[in-house]
Each structure stands twice: as structure tokens, then as C-alpha cells.
Amino acid sequence: MEEGIAKAEANANPIWLSEAETIILKLAQTGKFFTSDNVIEQLNDKGITTHNNSAIGGVFLRLKNSGVIEPCGYRLSKRRSRHKAPVRIWRGVNDDY
């Protein structure tokens, strides 16, 4: 699975990846729960796209491994393209909330 994530990330638009990371970091700072749906929505609102949105998994994985965010369960995706598939819920790791 991580191999597929790495491949998708390697082929993604570098501007999209950078902006995705920035959005995740900002969401993490709020102390609220969020999902990839929230990040993709903000990217779309900015008109920043890539050919495969699954590349976002690499950004989440990297930030999780660096201790910035943590997984907190699952919920059904609200994105039409995901057909209500489960998406992980995340939150920032910060004792100041």
C-alpha cells in the first residue's frame, strides 16, 4: 500500500503537494477533526489540481510519521468521486488545544 502511495505522490503536481501540506498544517493547528475531503475541497476552491488525488495519502503519512497529526477513526467520504468510501479522520497533535 505504501508503495502505491509513494508512486502517486511522486507523479503528483508539486504545487498541489505543497499546498496540500500547507492546508493540512493549518487544519491541524485548529485542534478540530478533519479528513482528506476537507483538504481536497480547499485545493479545488483554489483551482489547484493533480491527476490523482490519492497522492494526498503520502502527505498525510509523512505528517503522521513526523508527529504533526494523528489518526482518530473513520467516516464516510462526502466527495462524490469516493462513493461514500471510508476516509480517515485526523487531528493535530498539540497539547495547547
Side-chain angles (χ1 to χ4, degrees):
M1 184 162 165
E2 287 186 28
E3 182 180 325
I5 291 171
K7 186 175 181 178
E9 188 176 16
N11 292 313
N13 174 350
I15 295 168
W16 184 91
L17 289 171
S18 176
E19 190 62 27
E21 183 169 328
T22 299
I23 291 167
I24 294 169
L25 291 171
K26 287 179 182 176
L27 289 169
Q29 290 173 350
T30 69
K32 297 179 182 178
F33 296 109
F34 61 95
T35 71
S36 59
D37 287 351
N38 304 113
V39 180
I40 298 295
E41 180 180 349
Q42 288 188 40
L43 288 164
N44 289 342
D45 288 348
K46 293 179 178 202
I48 304 169
T49 61
T50 194
H51 71 284
N52 184 352
N53 285 337
S54 67
I56 201 158
V59 181
F60 276 103
L61 185 61
R62 187 172 53 260
L63 293 174
K64 177 185 82 85
N65 290 343
S66 65
V68 174
I69 58 174
E70 65 183 359
C72 301
Y74 293 89
R75 76 164 199 216
L76 299 180
S77 177
K78 295 180 180 178
R79 283 184 284 147
R80 186 179 199 130
S81 63
R82 297 277 299 148
H83 305 287
K84 296 186 180 181
V87 290
R88 189 176 291 278
I89 300 169
W90 298 92
R91 72 173 178 177
V93 177
N94 186 334
D95 295 333
D96 296 336
Y97 300 146

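The chain is numbered in sequence order, starting from 1. Note that these values count all heavy atoms, side chains included, but never hydrogens, waters or copies made by symmetry.
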Qualifying residues under side chain to side chain donor-acceptor pair (under 3.5 Å), relative to Q42, sequence neighbours excluded: none
With a 4.5 Å cut-off on side-chain heavy-atom distances among I, L, V, M, F, W and Y, is there a chain of contacts connecting V68 to I23? yes
Heavy-atom distance under 4.5 Å between the side chains of W90 and P71, does that happen here? yes
Apply the hydrophobic cluster definition, ILVMFWY joined by side-chain contacts under 4.5 Å directly or through others, and give me every member besides V87. none
Within a strict 4.5 Å, meaning less than it, do heavy atoms of the I69 and F34 side chains meet? yes
I'd like to know if the side chain of S18 reaches the main chain of I15, judged simply by a donor and an acceptor atom lying under 3.5 Å from each other, with no hydrogens or angles considered. no
Following the transitive rule for hydrophobic clusters with a side-chain heavy-atom cut-off under 4.5 Å over Ile, Leu, Val, Met, Phe, Trp and Tyr, establish whether V59 and L25 coincide in one cluster. yes
Find out whether V39 and F60 are in side-chain contact, i.e. whether some heavy atom of one side chain is under 4.5 Å from a heavy atom of the other. yes
Just verifying a value: how many Å separate I24 CD1 and L63 CG, rounded to the nearest 0.5 Å? 5.5 Å
Nearest heavy-atom neighbours spanning D37 and S77: OD1-OG, 2.9 Å
So, taking the atom named CD in E21 and the one named CZ in R62, what distance separates them when rounded to the nearest 0.5 Å? 5.0 Å
Reported OG1-to-CG distance for the pair T22 and L17, which is rounded to 0.5 angstrom: 11.0 Å
From K64 NZ over to E70 CD, what is the distance, rounded to the nearest 0.5 angstrom? 10.5 Å
What distance separates W16 CH2 from I56 CD1, expressed to the nearest 0.5 Å? 4.5 Å
Using every non-hydrogen atom in the two residues, find where K84 and L76 come nearest and quote the distance to one decimal. O-CD2, 3.1 Å
Distance check, rounded to the nearest 0.5 Å: L27 atom CG versus Q29 atom CD? 9.5 Å
Main chain of T49, side chain of N13: is a donor-acceptor contact present, judged purely on distance under 3.5 Å? yes
